*Asks:* 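This structure is in structure tokens; I'll ask about it shortly.
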Number of protein chains: 2
Amino acid sequence: MPPRRTPSRRSYDQYCAAARALDAVGDRWTLLVVRELLVGPRRYTDLHADLPGVSTDVLASRLKDMEREGLVTRRRLPPPAAASVYELTGRGRELLPVLQALGTWGAPALAERRDTDAVRAHWFALPLLRHLAGLGVPGVAEVRLDEGQFHVRVGETPVGDAAGDTGYGDGPAPTDPDVRLALSAETCAEVSRGAVTLAEGVRDGRIEVTGEGRLAKALAALRET
Amino acid sequence: MPPRRTPSRRSYDQYCAAARALDAVGDRWTLLVVRELLVGPRRYTDLHADLPGVSTDVLASRLKDMEREGLVTRRRLPPPAAASVYELTGRGRELLPVLQALGTWGAPALAERRDTDAVRAHWFALPLLRHLAGLGVPGVAEVRLDEGQFHVRVGETPVGDAAGDTGYGDGPAPTDPDVRLALSAETCAEVSRGAVTLAEGVRDGRIEVTGEGRLAKALAALRET
DNA sequence: CGGCATCCGTGACGATACTG
DNA sequence: CAGTATCGTCACGGATGCCG
């Protein structure tokens with residue numbers, strides 16, 4: 001029998017940048033864990049709740065793998081809360097463009113909504129960020145859906161890829177937002193997949209815009225186009 | 001017993017654009033098959049040869065899945081050659097930005113080259129395209145490595161994402177290239193991961209530049225910077 | 001109660017052999 | 001050449017148990 005090295009973590013063993021990336025994040029669930037952590041630090045139980053279908057041991061195993069890969073750090077919260085949270089490292093946050101590209105490509109599939117599908121509000125932050133960034137106006141938007149709320153930060157960079165000032169988070173905005181949006185998950189999905197533009201949504205009232213910041217003015221201006 | 005639906009192809013069942021994308025291309029080997037087909041139509045045996053490690057049945061299964069997903073079409077070659085080739089559909093080619101993002105993220109890992117790693121020349125086309133596109137000069141470059149040669153097309157679009165005129169292919173350029181490059185795989189990897197810029201490589205002679213087109217002039221100009 | 005570890009059944013994966 | 005067939009192994013998903 002040949003001395004095969006333990007395939008504990010299976011590698012493609014290819015001197016190729018994409019294959020190397022898939023060695024690190026190609027396992028089932030890994031990129032979805034990144035998606036969850038992109039909204040901010042989360043506890044194990046919260047991760048498990050927002051990743052319906054993942055089994056407890058696989059989630060624990062992935063988190064350990066990601067820690068070894070340097071994508072995630074585990075931090076113990078101050079005494080009052082006897083819990084620990086998982087948090088993306090800088091290297092982990094650099095996966096945002098990967099999830100952006102995947103989300104852009106997969107958005108058309110949102111046309112079909114199965115009744116077995118789970119939904120979380122912050123899953124729309126990724127595609128919505130892309131469309132808001134397309135306006136070319138930096139700022140913070142707070143988005144309210146029936147399923148929950150989240151906020152997105154549009155940075156100064158044109159396409160808003162991996163810049164530190166571009167991203168999103170769960171819940172209300174930590175600082176006063178430049179604009180508040182209220183819309184349904186359906187509308188959110190239609191905007192995400194490009195079936196409805198932001199301008200159309202604002203114009204026909206499916207997207208409710210409040211606020212006085214630059215972003216609010218830019219969105220209100222879409223009503224006139 | 002609950003009426004569990006057959007998990008023949010496992011879905012995340014999440015109403016999220018990224019999760020939908022991973023439903024389609026998240027299986028092991030799938031994105032690497034796309035990488036192979038991005039260089040042009042290929043036969044089963046060629047795919048198997050350039051994907052060391054994949055077993056025959058898994059490759060066949062993936063190709064069938066991808067055909068069902070509309071990423072790949074199978075085309076029978078004209079009578080002389082009694083073979084058939086697999087080819088990306090438009091939808092499949094739209095995965096280029098996904099592989100670009102993965103390649104960008106994974107490029108730093110090219111610093112470590114294991115002796116178990118397989119190498120193919122066209123695996124460098126992806127990152128090299130990104131750096132050549134960064135020059136902002138459209139054109140066709142033919143690249144020669146010891147391991148083989150390939151060519152890249154830089155289109156008019158600034159970032160050169162999914163535009164139809166941006167891409168790459170195996171072997172020599174189909175039309176007369178605007179520039180010919182000759183370099184080693186090591187240099188190619190260093191440029192890919194940003195450890196060496198195109199300018200540095202051209203300046204110290206590790207990248208040999210020939211040709212008279214706009215791209216050739218732009219690269220030659222780097223020598224002066 | 002949060003954070004796993006263990007056990008178990010099923011399916012995916014990898015290697016090899018074989019066939020039209 | 002282009003797969004299919006077979007088989008052993010391992011990863012995944014679900015449930016349950018343990019331990020601070």
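In the text below, chain A, chain B and the rest are named by the order of the sequence lines, each starting its count at 1. Just so you know, these numbers use all the heavy atoms, side chains as well, and skip hydrogens, waters and symmetry mates. What you see is a predicted model, and the numbers here were worked out from it, not measured in a lab.
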*Asks:* Figure out the CG/P separation between B/L22 and D/dC12, and round it to whole Å.
*Replies:*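 About 14 Å, once rounded to whole Å.
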*Asks:* Checking contacts here: which listed nucleotide (D/dA2, C/dG14, C/dA12) is nearest the side-chain heavy atoms of B/R28?
*Replies:*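 So the nucleotide nearest the side chain must be C/dG14.
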*Asks:* I'd like to know if A/E94 pairs up with A/R91 as an ion pair, taking the criterion as any Lys NZ or Arg NE/NH1/NH2 lying under 4.0 Å from an Asp or Glu carboxylate oxygen.
*Replies:* yes
*Asks:* Is there a side-chain polar atom (N or O) of A/Y86 under 4.0 Å from OP1 or OP2 of C/dC4?
*Replies:*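 For C/dC4, OP1 or OP2 has a side-chain N or O of A/Y86 closer than 4.0 Å.
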*Asks:* Measure from CZ on B/R42 to C1' on D/dG3 and round the result to the nearest Å.
*Replies:*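 These atoms are roughly 18 Å apart.
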*Asks:* Could you please name the option among D/dG3, D/dA2, D/dC12 that lies closest to any side-chain atom of B/A60?
*Replies:*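 Between D/dG3, D/dA2, D/dC12, the one nearest the side chain of B/A60 would be D/dG3.
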*Asks:* If the cut-off is 4.0 Å, is A/W29 near the phosphate of D/dG13, judged by side-chain N/O to OP1 or OP2?
*Replies:*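 A/W29 to D/dG13 OP1/OP2: side-chain N or O found under 4.0 Å.
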*Asks:* Among C/dC13, C/dC4, D/dG14, which nucleotide has an atom closest to any side-chain atom of A/S55?
*Replies:*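 Selected nucleotide (nearest to the side chain): D/dG14.
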*Asks:* Does B/Y44 or A/S61 map to a spot on DNA chain D nearer the 5' end, using the closest nucleotide for each?
*Replies:* B/Y44
*Asks:* Is it the case that C/dA5 (base atoms only) and A/T56 (side chain only) share a donor and an acceptor within less than 3.5 Å, ignoring hydrogens and angles?
*Replies:*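 Checked by distance alone, the answer is yes.
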*Asks:* Report the distance from atom NE2 of A/H48 to atom C1' of C/dA5, rounded to the nearest whole Å.
*Replies:* 14 Å
*Asks:* To the nearest 0.5 angstrom, please state how far the CG atom of B/D170 sits from the CD atom of B/E36.
*Replies:* 8.5 Å
*Asks:* Counting heavy atoms from C-beta on, name the nucleotide in D/dC1, D/dG3, C/dG3 closest to the side chain of B/R74.
*Replies:* D/dG3
*Asks:* So, does A/R10 get its side chain near the phosphate of C/dG14, meaning an N or O under 4.0 Å from OP1 or OP2?
*Replies:*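 Answer is yes, contact under 4.0 Å.
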*Asks:* Without decimals, in angstroms, what is the distance between B/R76 CZ and D/dC1 C1'?
*Replies:* 11 Å
*Asks:* Could you check which of C/dC13, C/dG14, C/dG3 has an atom nearest any side-chain atom of A/A83?
*Replies:* C/dG3
*Asks:* Could you state the interatomic distance from CG (B/L181) to CD (B/Q149), rounded to the nearest 0.5 Å?
*Replies:* 11.5 Å
*Asks:* Provide, to the nearest angstrom, the distance between the CG atom belonging to B/L51 and the P atom belonging to D/dA2.
*Replies:* 14 Å
*Asks:* If you check every side-chain atom of A/K64, which of C/dA5, C/dC13, D/dA2 has the closest atom?
*Replies:* C/dA5
*Asks:* Measure from the side-chain N and O atoms of B/R10 to the backbone N and O of B/D27, and report whether any donor-acceptor pair falls under 3.5 Å.
*Replies:* no
*Asks:* Between the base of D/dA11 and the side chain of A/D57, is one N or O donor paired with an acceptor at under 3.5 angstrom?
*Replies:*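 For A/D57, whose side chain was compared with the base of D/dA11, there is no donor-acceptor pair (under 3.5 Å).
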*Asks:* Atom CZ of B/R62 and atom P of D/dT4: how far apart are they, to the nearest Å?
*Replies:*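 Going from B/R62 (CZ) to D/dT4 (P), I get 14 Å.
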*Asks:* Can you tell me the distance, in whole Å, between the CZ atom of A/R43 and the P atom of C/dC1?
*Replies:* 12 Å
*Asks:* Whole Å only: how far is the CG atom of A/L32 from the C1' atom of D/dG13?
*Replies:* 15 Å
*Asks:* Working to the nearest 0.5 angstrom, can you tell me the gap between A/L38 CG and A/L95 CG?
*Replies:* 7.5 Å
